[in-house]
2 protein chains.
Amino acid sequence: MPSSDVIEPIARALSIMSAMNQHRLSTISDLHRATGLPKPTVHRILATLISCGYVAKDIDRSVYMLTEQVLSLSSGYGKEAWLLQVGTPVARRITREVKWPVAIGILDYNTIVVQYSTRPYSEFVMQGSTVNKRFNLFSTAMGQAYLGFCEETQLQNILQALRDQEVQEDCILESDSKIKRYIAAVQDRGYGLRVGNRGESTHMAIPIKSDHQIIGVIGLSIFSSCFNDKVAKEYLALLRKSAGEIVDSMDKMIALAEHSAT
Amino acid sequence: MPSSDVIEPIARALSIMSAMNQHRLSTISDLHRATGLPKPTVHRILATLISCGYVAKDIDRSVYMLTEQVLSLSSGYGKEAWLLQVGTPVARRITREVKWPVAIGILDYNTIVVQYSTRPYSEFVMQGSTVNKRFNLFSTAMGQAYLGFCEETQLQNILQALRDQEVQEDCILESDSKIKRYIAAVQDRGYGLRVGNRGESTHMAIPIKSDHQIIGVIGLSIFSSCFNDKVAKEYLALLRKSAGEIVDSMDKMIALAEHSAT
DNA sequence: AAAAGCGTTCCATATTGCGAAACATTTTTT
DNA sequence: AAAAAATGTTTCGCAATATGGAACGCTTTT
């Protein structure tokens, strides 16, 4: 009985790799015992994995080990991935509640990259998807949310990275005091804000912090004509509550995963 | 032309996962473009990966992301893996040169675990393979090589771990001064040593250090009857040279890998 | 000397993955 | 508002292909 529509060779290869990850060196018999797969099959799968570069074979003995290339399957995995796994449903819930689109971004080098956006869910039509788009740290709400609330050392790293890049976009960088005032303004306000002109949209954003570290930012977009102090206050509270929920469930999930990894 | 004996579905699945690791969220079309695979195929592979738990699908949108389970393919990967990849050929070379078997071990919790041994290559027949066998930190050459040359903080951690375990094997732990003298003796000698009785074998071992951190130990076994100060000196020099070579190539490879990861 | 275990190769077989085509939805263009 | 383009999903007949028992050569154990 072929258990539904699962491609068997793939499932087998993954179980082999998973087994190989338990001990650093494996023999064919080891894997045969660990996975229950017939030895010729194990042999063939290993040949495939070698050919793809994920496994190395000891030259004269028949001992196999994973290569560093396995990291290419998971190197991007970290807190940000958890953030998305937990954050996307929360973002959708906000949009269901207030209709406006919500986006989640993370820092990459010296820009904010939008990882997820509920724009398609929002009843208010805004321009195309922003997923994978990069946003300047100054002059965007999400960028402000990061700059304004990250730790001092990281702030300095980011500023250095910005100064190092070839094309200077932000002339604000020329003056330290200007930067300080800019960031202080964000901190006083308590959130990132970029007010758009009539017909454009206005954006507000706050950081998502875990352990004093910013793992991402969450922002909300709204038609500029609908924006005022009252809704700002309301949505800010909503964003803060949501960010807190995200961090809570994230920490719980991570603890759970680490616990069950034993 | 199916390039020899490579199982296509596996290669495809790996390329999908690798592509997914680049961006945190992917659509079918993204992956279709990135890998060149037909969309129904991408769809089927994703279904398989979901079924195996390596991929999660956004509930209402068709957005896919890797789950934390990808770590089960690579979590064991770190400096120790590099050590083995680089160390095993060196170990074999030593055995070719001096005939005696050489083993490489790493610390796991509070024991040394042999990861590789050239025992099968040695012309001198010794008892069966020691791979995956655990060795006490006190009373073995490899253990001494670790205890004697690791950093103070780590030493304390290990000692605590030893004290915490239920069955107390080493009564030496009862006295701090005994421990200090024991370790001092190892340091004076410059290497771990366990002399066996007649007919048994004698073992010597040194740490493999990178960045002031011990990433493993390398040891050599020899018939007790063949052991004396002269050969000890000779083999110690050989082990030290080899350990240096291992660390050098390791650092080079790691640098190379990190550089080409861009 | 025999037996057991290992890695590896072969090969006939049917299993199984394949992808063009069609369909259902959504998004963009006209 | 209609049409066109793009995307996700399902179907299905077929050929490619993964499969694993059997056999082979080798080493280790009995």
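In what follows, chains are A, B, ... by sequence order, proteins preceding strands, each numbered from 1.
In this structure, A/Gln85 contributes its side chain and B/Met65 its backbone to no donor-acceptor pair below 3.5 Å. For A/Ser249 (side chain) and A/Glu245 (main-chain N/O), a donor-acceptor pair under 3.5 Å exists by modelled atom type. Distance alone, capped at 3.5 Å, places no donor-acceptor pair between the B/Ser15 side chain and the B/Thr35 backbone. Of the possible donor and acceptor atoms, none in the side chain of B/Ser117 sits under 3.5 Å from a partner among the backbone N and O of B/Ala103. Side-chain atoms of A/Asp30 come within 3.5 Å of backbone N or O of A/Thr27 as a donor-acceptor pair.
OP1 or OP2 of C/dG19 lies within a sub-4.0 Å distance of a side-chain N or O belonging to B/Thr41.
In this structure, the NE2 atom of A/His32 is 11 Å from the C1' atom of C/dC6, given to the nearest Å. Summarising the geometry, the separation between CG on A/Leu46 and C1' on D/dG20 is reported as 16 Å, rounded to the nearest angstrom. Atom CZ in A/Arg12 sits roughly 5 Å away from atom P in D/dT19 (whole-Å rounding). Between A/Ile10 atom CD1 and D/dT17 atom P the separation is 14 Å, expressed in whole Å. Going from atom CG of A/Leu37 over to atom P of D/dG21 covers 12 Å, rounded to whole Å. The distance from atom CD1 of B/Ile7 to atom P of C/dT15 is 18 Å, rounded to the nearest whole Å. At whole-Å resolution of the value, CG in A/Leu25 and P in C/dG7 are 13 Å apart.
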message = Treating primed atoms plus P, OP1 and OP2 as sugar-phosphate and everything else as base, which nucleotides of nucleotides 3-10 of chain D get B, S or - for protein heavy atoms under 4.0 Å?
response = ----SSSB

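A donor N or O paired with an acceptor N or O is found under 3.5 Å between the base of C/dG19 and the side-chain atoms of B/Arg44.
Residues A/Ser221 and A/Ser201 have side chains that never bring a donor and an acceptor to within less than 3.5 angstrom of each other.
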